[in-house]
Amino acid sequence: MDGSTDRIDEGTAHEYAAATDAVDADETVLFDAIVVRYESGSDRCTLVPHEGSTTEKLNAWLTADLETVVDLDDAR
């Protein structure tokens with residue numbers, strides 16, 4: 001293998017405030033959404049907590065194919 005990858009960029013990070021059912025606004029959870037686009041295959045979106053140590057973030061992430069991610073209001 002020549003070491004090339006099928007990624008077309010390094011990803012784009014976005015800050016996203018998750019609307020929760022929490023009564024207290026201080027309980028709102030912030031996530032960073034990192035999207036990696038691929039030339040072949042599905043693009044991927046990884047959500048990690050905005051706050052926390054590197055170790056905490058490495059243990060609390062979620063990755064999904066971007067085509068399966070929907071707006072929460074659309075899914076309710």
Side-chain angles (χ1 to χ4, degrees):
M1 186 166 245
D2 63 5
S4 65
T5 180
D6 64 348
R7 277 196 292 182
I8 57 175
D9 65 34
E10 293 299 315
T12 305
H14 302 276
E15 186 175 286
Y16 177 74
T20 65
D21 294 330
V23 176
D24 187 354
D26 292 332
E27 293 181 20
T28 299
V29 179
L30 291 178
F31 294 94
D32 290 326
I34 302 157
V35 176
V36 178
R37 302 192 185 283
Y38 294 89
E39 288 179 3
S40 60
S42 297
D43 296 342
R44 293 265 169 129
C45 179
T46 300
L47 300 174
V48 295
H50 182 71
E51 300 291 328
S53 68
T54 300
T55 300
E56 290 170 331
K57 290 179 180 185
L58 287 172
N59 289 297
W61 55 269
L62 173 71
T63 297
D65 288 346
L66 194 55
E67 63 192 32
T68 65
V69 177
V70 297
D71 187 277
L72 182 59
D73 290 333
D74 293 341
R76 288 189 175 180

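Between G52 and K57, the shortest heavy-atom distance links the atoms O-CE, 3.5 Å. The two residues R44 and T63 make their nearest non-hydrogen contact at CD-CG2, 3.7 Å. Of all heavy-atom pairs spanning P49 and A60, the tightest one is CD-O, 2.9 Å. The nearest pair of heavy atoms linking T55 to N59 is O-ND2, 2.8 Å.
R37 contributes atom CZ, which lies 12.0 Å from atom OG of S42 (distance to the nearest 0.5 angstrom). The CG atom of L30 sits 6.5 Å away from atom CD of E51, with the distance rounded to the nearest 0.5 Å. With values rounded to the nearest 0.5 angstrom, F31 atom CZ is found 13.0 Å from T46 atom OG1.
A donor-acceptor contact shorter than 3.5 Å is absent between the side chain of D32 and the backbone of V48.
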Kindly indicate, with the supporting measurements, whether the criterion side chain to side chain contact (heavy atoms under 4.5 Å, CB included) is fulfilled by C45 and D43. CA-CA 7 Å; C45 179; D43 296 342; over 6 Å; no
